[in-house]
Amino acid sequence: MALLVALASALVIALTFVPFAYQLPKVVIADLSVVTMLASVLILAVSLVQYSNNDAVNAEQHHRCGLEINELRGELAAKGETLDSAELQRFSERYARILDRYSVNHEGLDFDQYRLEHPEKYPLTLLERVLVRVRSFIVAQWPNGLMLIIVGFFFVLLFHHVLPVRLATETTPVPSTVVPGER
């Protein structure tokens with residue numbers, strides 16, 4: 001997402017500069033202004049969504065929770081078969097306290113990915129496996145797809161709208177001015 005915002009910001013700056021660098025018709029300048037305004041709003045919206053996700057905070061909570069659960073699991077494994085029901089109950093209570101301490105949970109897609117990786121525990125049909133992989137691909141790649149659309153739109157705008165007008169104005173002969181009294 002940060003790469004998407006940075007790329008879109010760079011393109012907005014570049015599009016803002018184009019009318020100052022070249023003499024373009026007012027209609028092209030207006031089109032560029034509309035595009036830069038829409039892109040600026042998109043950048044703002046994506047930045048707000050990215051900020052509101054609290055990804056760093058959630059990642060930290062997932063990590064700490066995982067460390068505590070791994071520690072508990074290690075203790076449980078060390079006890080082995082000598083574990084009685086009272087000790088098992090204490091482990092269960094400690095496990096519940098760990099989960100209560102951390103307010104975030106994994107996304108449903110994370111569980112689906114786990115199910116794919118552990119077919120012995122969670123047998124899935126071929127269709128279910130395909131759907132999980134497609135959903136995972138879409139979730140992971142939509143920023144790249146959006147970035148590709150933005151870059152593509154930028155190049156289409158530049159090479160099919162601005163550049164032809166710019167080249168047409170360069171090749172159009174400038175009428176000579178006639179000074180009164182001269183021939």
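With Val134 as reference, Ile138 is the one residue of Leu131, Val132, Ile138 to meet the side chain to side chain contact (heavy atoms under 4.5 Å, CB included) rule.
The shortest non-hydrogen separation linking Cys65 to Ile98 is SG-CG2, 4.0 Å.
Between Glu68 and Arg101 the shortest side-chain heavy-atom distance falls below 4.5 Å. Put simply, the side chain of Pro119 does not reach to within 4.5 Å of the side chain of Leu124, judged on heavy atoms. Counting heavy atoms from C-beta on, the side chains of Leu83 and Phe91 come closer than 4.5 Å. Side chains of Trp142 and Phe137 form no contact here, defined as non-hydrogen atoms less than 4.5 Å apart.
Using a 4.5 Å cut-off between side-chain heavy atoms of Ile, Leu, Val, Met, Phe, Trp and Tyr, with links allowed through other members, Leu38 and Ile29 fall into different hydrophobic clusters.
Counted within 6.0 Å of OH on Tyr102, heavy atoms from surrounding residues, nucleotides or ligands total more than 12; the atom is thus considered enclosed.
Panel note: side chain Ser92, backbone Leu88; no donor-acceptor pair is recorded below 3.5 Å.
The existence of a salt bridge linking Arg115 and Asp112 is confirmed by a sub-4.0 Å separation between a basic side-chain nitrogen and an acidic carboxylate oxygen.
Under the rule for a side-chain contact (heavy atoms from CB on, under 4.5 Å), the partners of Ala39 that lie at least two apart in sequence or sit in another chain are Val12. Shown here are the side-chain contact (heavy atoms from CB on, under 4.5 Å) partners of Leu15, two or more places apart in sequence or in another chain: Leu32, Val35, Thr36, Phe154, Leu157. With sequence neighbours left out, the side chain to side chain donor-acceptor pair (under 3.5 Å) criterion links Glu60 to Arg64. Legend: residues meeting side chain to side chain donor-acceptor pair (under 3.5 Å) with Thr125, ordered by chain and number and at least two apart, are Glu128. Under the rule for a side chain to side chain donor-acceptor pair (under 3.5 Å), Arg129 has no partner lying at least two apart in sequence or in another chain. Contacts of Arg90 classified as side-chain contact (heavy atoms from CB on, under 4.5 Å), with partners at least two apart in sequence or in another chain: Ala86, Glu87.
Between atom CD of residue Glu93 and atom CG of residue Asp100 there is a gap of 11.5 Å, rounded to the nearest 0.5 Å.
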Checklist entry - Going through the distances and angles, do His160 and Phe155 end up as a side-chain contact (heavy atoms from CB on, under 4.5 Å)? => result CA-CA 8 Å; His160 288 293; Phe155 282 113; over 6 Å; no

